[in-house]
J.: 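Before anything else, here's the structure in question.
Nothing fancy with the numbering, it's 1 onward along the sequence.
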Amino acid sequence: EGAIQKIALNEKGYLGIIYNKVGYKNAFAFVSPEGQILYTKYFANTTLIDISINKEGNIISMIEADTNSAVINSAITYLDNKGNTLYSSIKKDKLLVETKIFDNQTIVLGDNVLLNINNKYEENMIEEFSSENTFGIVIEDEKIVKMHRDTNELFSDKTMIEVKNLDGKIIGNGEVTGTAKSLKVQGKTVAVVLADRIDFLTTKGNYMDSIFISSDYIDMKLFKNGTYACIQTNDEIAIYKIR
């Protein structure tokens, strides 16, 4: 029932679905690998923004936002596989937008904050950042990769790339010429999509290779642990081996 807004799938096949529900802001369904709906949850006063499922399929993290008042408040909540609340924390005057569960910790991204929550639900601030200078953060493959611009005018035509581990330690820095539109991360490869090309860096920030793209570019995926790239255009799928 209702249009699907977002899904999350773990490696065992457990599926979380955010969907439209008449009379509510939206709703959540948790589905077993066999396709059985294990439980549903309806959101009347808050909007469910994002979800993540742990490897075993027995813990779900979710982000809710309250947009009814002049100040936006958010909450990060953990549920078990029966819908019971394990932990919940409200963040006043903050918009949280993404949650990712890893083995022993969860990374939570907000509009100007990055949090780490361990398996005892202890929260640690990784970073507060300026949304004016930061225009993209990707949490993938147990890495946090930030795209930002240096305020120094000498570097105004460059996009700076910063790579951190899940504990917030910087493990790599690099840069590309031009304004990055998006990026992908897999294995030891960071792919930065620019207007006319894709630059490939190592997670330490070292340049590896570039592929030039045309105006009919649609999307790109890394695979085989970041050693290959699949590029989709309007009428073609092309596979490249990254040097």
Side-chain angles (χ1 to χ4, degrees), residues 2 4-21 24-33 35-67 72-129 136-146 164-169 184-186:
I4 292 174
Q5 297 174 343
K6 185 180 284 189
I7 66 168
L9 180 70
N10 81 346
E11 58 191 58
K12 288 191 174 181
Y14 285 94
L15 179 67
I17 304 169
I18 302 175
Y19 63 99
N20 292 333
K21 177 69 176 176
Y24 295 87
K25 299 283 188 180
N26 57 5
F28 170 73
F30 188 53
V31 183
S32 72
Q36 176 187 0
I37 295 179
L38 300 176
Y39 66 86
T40 56
K41 183 176 173 64
Y42 304 122
F43 295 83
N45 301 313
T46 59
T47 302
L48 185 58
I49 302 295
D50 196 34
I51 49 175
S52 183
I53 306 168
N54 74 339
K55 190 181 294 185
E56 291 75 22
N58 57 6
I59 297 176
I60 301 95
S61 67
M62 53 178 54
I63 291 173
E64 304 167 55
D66 179 5
T67 57
I72 294 178
N73 297 318
S74 302
I76 175 76
T77 301
Y78 290 80
L79 303 177
D80 66 13
N81 54 7
K82 294 181 173 62
N84 301 308
T85 300
L86 302 171
Y87 172 81
S88 187
S89 175
I90 295 173
K91 306 300 176 190
K92 293 186 176 181
D93 199 20
K94 289 191 183 299
L95 177 61
L96 303 179
V97 295
E98 185 177 355
T99 174
K100 284 281 183 73
I101 295 184
F102 297 93
D103 284 342
N104 298 310
Q105 52 200 320
T106 305
I107 303 299
V108 179
L109 174 64
D111 54 355
N112 62 356
V113 67
L114 198 58
L115 302 173
N116 178 309
I117 304 176
N118 66 22
N119 55 7
K120 295 179 180 178
Y121 307 117
E122 296 168 334
E123 299 184 20
N124 294 293
M125 176 80 68
I126 295 177
E127 181 183 358
E128 285 188 287
F129 53 85
I137 292 181
V138 171
I139 307 162
E140 199 65 56
D141 214 7
E142 300 196 357
K143 297 174 189 69
I144 303 165
V145 185
K146 179 174 75 173
K164 293 182 176 181
N165 63 19
L166 297 183
D167 293 323
K169 180 182 177 182
K184 313 280 184 176
V185 185
Q186 191 180 82

J.: Sequence neighbours left out, what passes salt bridge (charged side-chain N to carboxylate O under 4.0 Å, His left out) with E140? Give chain and number order.
T.: K100

J.: Under a 4.5 Å cut-off applied to non-hydrogen side-chain atoms, are M62 and I18 in contact?
T.: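 No, their side chains stay 4.5 Å or more apart.
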
J.: Tell me the side-chain hydrogen bond (donor to acceptor under 3.5 Å, both in side chains) pairs involving residues 51-60, sequence neighbours left out?
T.: N54-E56, N54-N58, K55-D103

J.: With the side chain counted from C-beta on, respond yes when V97 and D111 share a heavy-atom pair under 4.5 Å apart, and no when they do not.
T.: no

J.: Any side-chain heavy-atom pair from L166 and I107 closer than 4.5 angstrom?
T.: yes

J.: Any idea how F30 and Y39 line up, ring-wise: parallel (<30°), tilted (30 to 60°), or perpendicular (>60°)?
T.: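 F30 vs Y39 ring planes: tilted.
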
J.: Determine the minimum heavy-atom distance between Y24 and F43, stating which atoms define it.
T.: CB-O, 3.4 Å

J.: So which heavy atom on I63 is nearest to which on T99, and how close?
T.: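 What the structure gives for the nearest pair is CD1-N, 3.7 Å.
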
J.: Do I59 and D80 make a side-chain contact, defined as non-hydrogen atoms from C-beta onward lying under 4.5 Å apart?
T.: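 Result no, sub-4.5 Å side-chain heavy-atom pair not found.
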
J.: Which pair of non-hydrogen atoms, one from I126 and one from G168, has the smallest distance, and what is that distance?
T.: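 Here I126 and G168 meet closest at CG2-CA, 3.7 Å.
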
J.: Run through E123, E127, E128 and flag the one making a side chain to side chain contact (heavy atoms under 4.5 Å, CB included) with M125.
T.: E128

J.: Is any side-chain heavy atom of D167 closer than 4.5 Å to a side-chain heavy atom of N116?
T.: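 Yes, close enough: below the 4.5 Å cut-off.
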
J.: If only atom types and distance count, is the side chain of N26 paired as donor or acceptor with the main-chain N or O of L48 below 3.5 Å?
T.: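 Here the side-chain-to-backbone pair exists.
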
J.: List the atom of L109, the atom of I137, and the distance in Å for their closest heavy-atom pair.
T.: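 Distance-wise, the nearest heavy atoms are CD1-CD1, 3.9 Å.
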
J.: I want to check something: taking the side chain as every heavy atom from C-beta on, are P33 and Y14 in contact at a cut-off of under 4.5 Å?
T.: yes

J.: I need the minimum non-hydrogen distance between L95 and A65, along with the two atoms involved.
T.: CD1-CB, 4.1 Å

